[in-house]
Amino acid sequence: MRKLSKLIAVCTLAGICSAAQAKLEVPAIEDLPKLSVNSAETTACPRIQNAFTRAHYKIVNLDDEFADKVINQLLKMLDYNRNIYTASDVAEIRANKSRILDALKQCDMSYPFELYNASLEKRYLKYDYFLQGIKSDIDVESDDVVQLDRRKQDFPADIEHKQHLWKSELKNEFINQVLNGKTPEQAKERIRKRYEAALMRLAQANPDDAFSVFQNAFANSIDPHTSYLSPADTKSFEEDMYLSLEGIGAVLSAEDENTVIVSIIPGSPAEKSKQLKPKDRIIAVHQEDGTVDDIIGWRLTDVVKKIKGPKGSKVTLDIERPDGTSVKNLSVTLVREKVRLQEREAKAEIKTADDGSKIGVLSIKSFYSNLSQDIARELTKLESDKSVKAVVIDLRNNGGGLLPEAVNSTGLFINAGPVVVVRDPLGNQLVQRSQDEKMKYKGPLVVLINGLSASSSEIMAAALRDYGRALLVGSNTFGKGTVQQSRPLARPYDFIEQELGTINYTIAKFYRINGGSTQLKGVAPDIALPSMVDDTEFGERNEPNALEWDEIGAVKYVPYLNINAFLPSLKQKHEARIANDPVFKSIAEELEKYRKVKNEPDLTVNLEKRRQMQKDDDAFTLKNINVRLKAMGKDPVKSVKDLPDDFEYEDFLLTETLNIASDYADLVNGSVKKIEDGRIAANQPIFTQYAPPLENKKLAE
């Protein structure tokens with residue numbers, strides 16, 4: 001139940017950053033370090049290899065095919081957007097496959113370090129090209145284009161092609177600054193500071209950086225949740241896990257030169273700000289004393305150190321957010337504080353469906369220790385109101401947590417029985433069961449999921465659906481059905497002073513009680529709602545080398561209801577409600593437009609054309625904003641800028657889920673009344689025991 005991304009860091013721990021810092025000179029290319037492997041890494045390497053090849057869930061053969069995967073991962077890490085290496089550079093790397101295999105098998109790290117040192121020089125040339133480019137006028141009147149996402153494009157044919165890509169990228173960066181209100185001079189100054197800082201960071205590269213890149217290329221070639229953490233990364237991770245949670249509460253990853261927000265921690269300053277989103281790029285960090293760090297090109301651990309800080313202090317993040325055909329710039333000021341556990345607790349409240357029915361909504365943000373006790377407490381509150389017709393469990397954006405809590409929480413809605421199966425590499429299967437003989441809540445149940453519902457969320461949703469205990473509404477879940485183990489590389493009998501770091505690797509898979517895995521495919525809803533999360537970006541299915549979906553034999557369990565029997569009627573009512581609903585139309589239009597723009601291979605770097613595109617984007621956004629404001633009974637705004645960044649729209653997806661829950665309760669209760677033998681009274685909670693086969697048959701009819 002570990003993290004969902006590769007090299008990540010959680011910015012939560014208190015850490016005082018030095019305000020005073022000596023001014024560094026911009027280095028020359030000759031000043032770049034020539035890195036070589038150190039003694040600690042020489043010790044760590046064979047231990048990493050041994051664990052990954054012998055203890056991983058997946059069989060790992062260090063052969064030519066695997067070396068190709070490692071090379072692909074190396075290129076992704078060293079040249080994420082394919083504009084640093086030329087096609088001939090890549091051909092040379094592939095020709096050295098045998099040296100990659102030597103590094104994998106025999107821990108001969110000479111070639112990986114050569115590659116990393118060369119990549120520093122190549123990246124230096126790019127940054128320097130930008131700095132030279134802003135010294136003269138930037139032509140934004142020609143009809144050039146930029147390729148924003150080159151991950152699936154060919155590597156540039158030669159140096160001239162590469163420099164052409166850089167020129168277009170520089171134009172795009174300049175245009176983005178101008179479109180966000182900067183004068184041409186201010187735009188150039190911002191770019192200058194950004195890439196001078198990036199050059200300085202290149203000169204501070206250390207052996208850990210080179211070693212981490214190769215070992216994570218090795219790890220990610222096995223699966224996306226296997227990783228190596230350097231000693232510095234390990235220290236940061238352990239502090240965040242075991243000490244006081246103070247900071248902003250954001251999970252970050254490194255993508256090329258950028259630091260990107262992966263997710264927001266429930267109950268954190270980042271979440272409460274309502275301004276930060278996954279995929280936001282952090283480009284600068286401002287401290288209270290006025291210190292500003294442009295963090296383009298920084299290593300992730302150094303970014304984290306700048307964002308962390310003592311409770312009560314402020315930090316301001318400069319954010320770039322892809323927004324249609326342009327990039328939106330905003331600054332978000334956060335007060336670092338301890339992540340209060342009460343902000344993460346499961347909460348229940350009673351809401352009203354459109355037909356006036358009372359529906360209980362139980363929001364679960366993560367699977368933390370003692371979650372099941374909190375859920376039981378909240379269910380007691382809901383049960384005290386006899387008018388509550390059904391309960392909705394909201395698992396949207398819940399990335400998971402503790403497996404025992406997933407099992408115990410599911411057990412509140414079923415009688416004792418199996419919840420999930422865990423399978424190890426040898427094929428041994430362990431059935432995790434709820435031991436509670438009496439379910440806490442016995443009424444109609446709906447679970448709301450989306451593309452960021454992962455791991456424990458998927459276990460709970462899948463089990464409740466397999467039992468016929470809950471209707472699933474929303475969008476397909478993330479698809480993380482694997483278990484990771486963390487192990488330090490140091491051993492008690494080591495006689496070395498250096499830290500060695502930590503490895504995380506996959507040791508098991510989860511399976512539903514019906515036999516299917518939650519891995520890769522995730523959990524599908526019975527009734528789909530428009531997704532607010534682009535499933536072409538988020539989800540295990542988009543990760544290279546993700547473990548495959550498979551299935552095992554189902555375990556013995558007895559379903560409560562045949563929910564499939566209710567679906568035609570529920571879908572008909574749902575589709576009739578949203579057919580002409582302007583808000584649902586606007587949500588679908590936004591996602592369609594986003595995907596269309598994202599899938600366009602080129603974007604013009606003609607300033608006037610971009611101004612018009614921005615104007616069109618703003619008009620489209622304004623129209624949809626006012627559609628939602630009207631539905632909320634609020635006055636329209638005249639400009640996108642008139643709406644505060646932290647404005648909260650009504651949760652229209654939840655509103656429709658309440659309506660579906662009301663319809664579902666009516667159908668379930670209507671079916672119960674048809675039971676002839678009287679073993680389940682017409683107006684009593686229907687889930688008092690495992691439904692015998694006869695009752696299942698009649699309920700299905």
Side-chain angles (χ1 to χ4, degrees), residues 4-6 76 79-83 143-155 165 168-177 179-180 224 252-264 276-283 319-330 397 450-452 475-479 522 528-544 546 584-607 609-625 640 653:
L4 298 183
S5 59
K6 278 76 72 178
K76 180 180 177 182
D79 191 5
Y80 184 82
N81 219 31
R82 296 195 170 192
N83 60 21
D143 285 327
D144 267 347
V145 296
V146 64
Q147 295 175 321
L148 295 180
D149 186 353
R150 288 187 41 78
R151 286 175 294 171
K152 295 181 180 179
Q153 302 295 320
D154 292 335
F155 285 89
L165 296 174
S168 298
E169 188 177 337
L170 175 59
K171 287 183 181 182
N172 184 60
E173 192 157 346
F174 177 79
I175 287 174
N176 283 333
Q177 296 290 337
L179 292 179
N180 279 282
L252 309 178
S253 72
E255 292 183 4
D256 210 22
E257 296 112 339
N258 299 307
T259 297
V260 179
I261 294 177
V262 175
S263 61
I264 306 297
L276 297 175
K277 299 179 181 180
K279 292 293 181 181
D280 282 350
R281 299 194 294 259
I282 303 173
I283 59 173
I319 299 295
E320 284 187 348
R321 177 177 299 158
D323 186 28
T325 55
S326 61
V327 172
K328 180 181 179 181
N329 283 73
L330 61 151
N397 304 328
N450 71 0
L452 295 178
S475 49
N476 207 90
T477 61
F478 191 92
L529 297 180
S531 177
M532 305 294 283
V533 177
D534 183 6
D535 60 10
T536 65
E537 291 183 349
F538 295 93
E540 189 85 355
R541 66 195 68 85
N542 301 307
E543 295 285 353
F584 274 81
K585 282 187 175 181
S586 71
I587 292 173
E589 286 174 359
E590 285 175 3
L591 187 58
E592 181 182 1
K593 182 175 184 294
Y594 173 78
R595 285 177 173 166
K596 182 179 179 181
V597 171
K598 191 187 76 166
N599 291 330
E600 287 289 335
D602 302 325
L603 176 65
T604 179
V605 283
N606 178 291
L607 180 57
K609 288 183 179 180
R610 287 284 286 278
R611 286 191 200 276
Q612 184 59 48
M613 293 171 76
Q614 184 184 52
K615 185 178 179 180
D616 294 342
D617 284 345
D618 286 348
F620 176 83
T621 302
L622 181 63
K623 181 198 74 169
N624 285 339
I625 285 174
V640 174
L653 298 184

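All values reported here derive from a predicted model rather than from experimental measurement.
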Less than 4.5 Å apart, side chain to side chain, heavy atoms only: is that true for [X] and [Y]?
| X | Y | result |
| --- | --- | --- |
| V146 | K171 | no |
| R610 | N172 | yes |
| I587 | L653 | yes |
| N83 | Q147 | no |

State whether the number of non-hydrogen atoms from other residues, nucleotides or ligands found under 6.0 Å of [X] atom [atom1] is greater than 12.
| X | atom1 | result |
| --- | --- | --- |
| K279 | NZ | yes |
| E592 | CD | no |
| N599 | CG | yes |

Can you give me the closest heavy-atom contact between [X] and [Y], atom names plus distance?
| X | Y | answer |
| --- | --- | --- |
| S475 | L529 | CB-O, 4.4 Å |
| S586 | N624 | CB-OD1, 3.2 Å |
| V605 | I175 | O-CD1, 3.2 Å |
| F478 | F538 | CE1-C, 4.4 Å |

Can you tell me how far [atom2] of [Y] sits from [atom1] of [X], rounded to the nearest 0.5 angstrom?
| X | Y | atom1 | atom2 | result |
| --- | --- | --- | --- | --- |
| I261 | K277 | CD1 | NZ | 11.5 Å |
| I319 | T259 | CD1 | OG1 | 10.0 Å |
| R150 | D79 | CZ | CG | 8.5 Å |
| L148 | N81 | CG | CG | 8.0 Å |
| R541 | E543 | CZ | CD | 10.5 Å |
| D149 | R82 | CG | CZ | 10.5 Å |

Let's go through N258 and E320 carefully: what are the C-alpha distance in whole Å and the side-chain angles of both, what is the deciding distance for side-chain contact (heavy atoms from CB on, under 4.5 Å) to 0.1 Å, and is it a yes or a no?
CA-CA 10 Å; N258 299 307; E320 284 187 348; 5.5 Å; no
Evaluate salt bridge (Lys or Arg N to Asp or Glu O under 4.0 Å) for K623 paired with E589, printing each intermediate quantity in order.
CA-CA 11 Å; K623 181 198 74 169; E589 286 174 359; 3.2 Å; yes
What verdict does the side chain to side chain donor-acceptor pair (under 3.5 Å) test give for Q612 and D616, after you've listed the backbone C-alpha separation in whole Å, the side-chain angles of each residue and the deciding distance to 0.1 Å?
CA-CA 6 Å; Q612 184 59 48; D616 294 342; 3.0 Å; yes
With no hydrogens and no angle check, is any side-chain donor or acceptor of N606 less than 3.5 Å from a backbone partner on D143?
no
Under 3.5 Å donor-acceptor, R321 side chain and L330 backbone
no
